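Please read all numbers here as calculations on a predicted model, not as lab measurements.
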Amino acid sequence: MPADPQADPLIHDPEGGISRLRAIMAALRDPASGCPWDIAQSFASIAPYTIEEAHEVADAIARGAWAELSGELGDLLLQVVYHAQMAEEAGHFGFDAVVRGISDKMVARHPHVFGQESRDKTADQQTADWERLKAAERAGRDEAGVLDGVALGLPALTRALKLQKRAARVGFDWPSTDEVLAKIVEEAGELVAAQESLGAEALAEEYGDLLFVLVNLGRHLGLDAEATLRQANTKFTRRFGYIEAALHARGKRPEASDLAEMDALWNAAKAAERG
């Protein structure tokens, strides 16, 4: 007979900590008494939720929503527990292996804290050491290529940045932002030419090339393309909300307005922010 989740004191113990969460997850996945939805899930079906929860953590941090951050981190932690539970059921590994693995990695990658190396280093030196240790780990996994191991499932802008950083470490990089800016002009020209003379497939390729170089420009400027685009999205949402509110005060909706009126309100939103 499966254990009765209602009778399990750990599941109902507010101070049960991570053991409580793991017990809840095991109960939800129990084939006889668990939740049908949770039982039906797989690594592939849960992975999109994992990505979504990570983005919601980043969003709470970007907004400074500290009261929400605890809950968002809990949602993300649940994803780790969920995957570990499914892995244990399949005989791959368990939650303890996840904790042991990341703990071992942190100790190994911080010899200046947990080992005999000196802590008398700059942040840049420590970053270089971190990358050197990661490269050694990749070599141990038979990842011989410079770009091996950059996850395919990353957001495209983030993956582009990681690919460029890897290539730059072996000298495949422009020496300054001037060359990057020149490349942007070149790629923009090719995009215009593709628009005028080529089909949709070529147009998409040229557009992708331009985005890739823009990510590279951000890297040279010390900016993260994913983070800065999120900020731009937030700004656009805020300013468009101003337009909608102003139109509502005039008894109108956006579809009843025109570009000239909305553009004027956009400029008013910008002016209000500056003020």
Side-chain angles (χ1 to χ4, degrees), residues 47 50-51 54-55 57-58 61-62 93 97-98 100-194 198 201-232:
T50 308
I51 296 169
H55 283 298
V57 168
I61 293 171
F93 57 82
V98 175
R100 183 170 59 253
I102 188 59
S103 298
D104 289 347
K105 181 187 293 185
M106 289 299 99
V107 171
R109 288 189 181 177
H110 293 83
H112 56 293
V113 176
F114 304 110
Q116 301 303 314
E117 289 191 9
S118 171
R119 291 183 65 251
D120 187 19
K121 299 178 182 179
T122 66
D124 287 342
Q125 287 173 322
Q126 290 178 359
T127 298
D129 287 348
W130 177 275
E131 296 300 340
R132 175 177 52 78
L133 290 166
K134 286 173 64 177
E137 291 170 5
R138 288 195 296 273
R141 295 195 296 266
D142 293 326
E143 294 178 3
V146 172
L147 305 181
D148 288 353
V150 180
L152 290 170
L154 288 170
L157 292 176
T158 299
R159 187 163 192 266
L161 179 60
K162 287 183 174 290
L163 291 170
Q164 292 166 8
K165 283 182 174 180
R166 289 275 191 94
R169 287 186 208 130
V170 296
F172 191 70
D173 193 16
W174 284 293
S176 73
T177 56
D178 290 342
E179 289 84 359
V180 186
L181 287 166
K183 188 64 175 177
I184 288 173
V185 173
E186 176 188 332
E187 293 294 350
E190 291 178 1
L191 180 61
V192 171
L198 301 176
E201 185 175 342
L203 185 65
E205 181 178 351
E206 296 299 341
Y207 180 61
D209 290 344
L210 180 57
L211 286 175
F212 193 82
V213 182
L214 285 169
V215 172
N216 215 335
L217 176 62
R219 183 176 62 84
H220 276 261
L221 295 173
L223 301 171
D224 182 289
E226 191 76 32
T228 53
L229 184 57
R230 280 199 301 268
Q231 292 169 2

ask   = Would you say D120 has more than 12 foreign heavy atoms packed within less than 6.0 Å of its CG?
value =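 Open: at most 12 neighbouring heavy atoms sit under 6.0 Å from CG of D120.
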
query = Is the NZ atom of K121 crowded by more than 12 outside heavy atoms at less than 6.0 Å?
reply =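 Correct, the count exceeds 12.
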
Can you tell me how far apart [atom1] ([X]) and [atom2] ([Y]) are? Round to the nearest 0.5 Å.
| X | Y | atom1 | atom2 | value |
| --- | --- | --- | --- | --- |
| L223 | Q231 | CG | CD | 9.0 Å |
| Q164 | L147 | CD | CG | 10.5 Å |
| R109 | Q126 | CZ | CD | 14.5 Å |
| D224 | T158 | CG | OG1 | 6.0 Å |

request  = Kindly write out the residues that satisfy side chain to side chain contact (heavy atoms under 4.5 Å, CB included) with A167, not counting sequence neighbours, or none if the list is empty.
outcome  =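 With neighbours one apart ignored, the set is F172.
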
request  = Can you label the angle between the F114 ring and the H110 ring as parallel, tilted or perpendicular, going by 30° and 60°?
outcome  =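 It falls in the perpendicular class, over 60°.
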
Donor-acceptor under 3.5 Å ([X] side chain, [Y] main chain):
| X | Y | value |
| --- | --- | --- |
| T177 | V180 | no |
| R119 | V113 | no |
| R159 | G153 | no |
| Q125 | T122 | yes |
| R230 | A58 | no |

Provide the closest heavy-atom pair for [X] versus [Y] in the form atom of the first, atom of the second, distance.
| X | Y | result |
| --- | --- | --- |
| A194 | A202 | CB-O, 4.3 Å |
| P155 | E226 | CB-OE1, 3.5 Å |
| V146 | R166 | O-NH1, 2.8 Å |

query = Does the side chain of L154 come within less than 4.5 Å of K162's, by heavy atoms?
reply =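 A side-chain contact under 4.5 Å exists here.
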
inquiry  = Is there a side-chain contact between E179 and K183 in this structure, where contact means two heavy atoms from C-beta onward sitting under 4.5 Å apart?
reply    =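 No, too far: nothing below the 4.5 Å cut-off.
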
Can I get a per-line list of side-chain donor-acceptor pairs under 3.5 Å for residues 210-221, giving both atom names and the distance, sequence neighbours left out?
{"unit_1": "N216", "atom_1": "OD1", "unit_2": "R219", "atom_2": "NE", "d": "3.2"}
{"unit_1": "N216", "atom_1": "OD1", "unit_2": "R219", "atom_2": "NH2", "d": "2.7"}
{"unit_1": "R219", "atom_1": "NH1", "unit_2": "D173", "atom_2": "OD2", "d": "3.3"}
{"unit_1": "R219", "atom_1": "NH2", "unit_2": "D173", "atom_2": "OD1", "d": "2.5"}
{"unit_1": "R219", "atom_1": "NH2", "unit_2": "D173", "atom_2": "OD2", "d": "3.2"}
{"unit_1": "H220", "atom_1": "NE2", "unit_2": "D173", "atom_2": "OD1", "d": "3.0"}

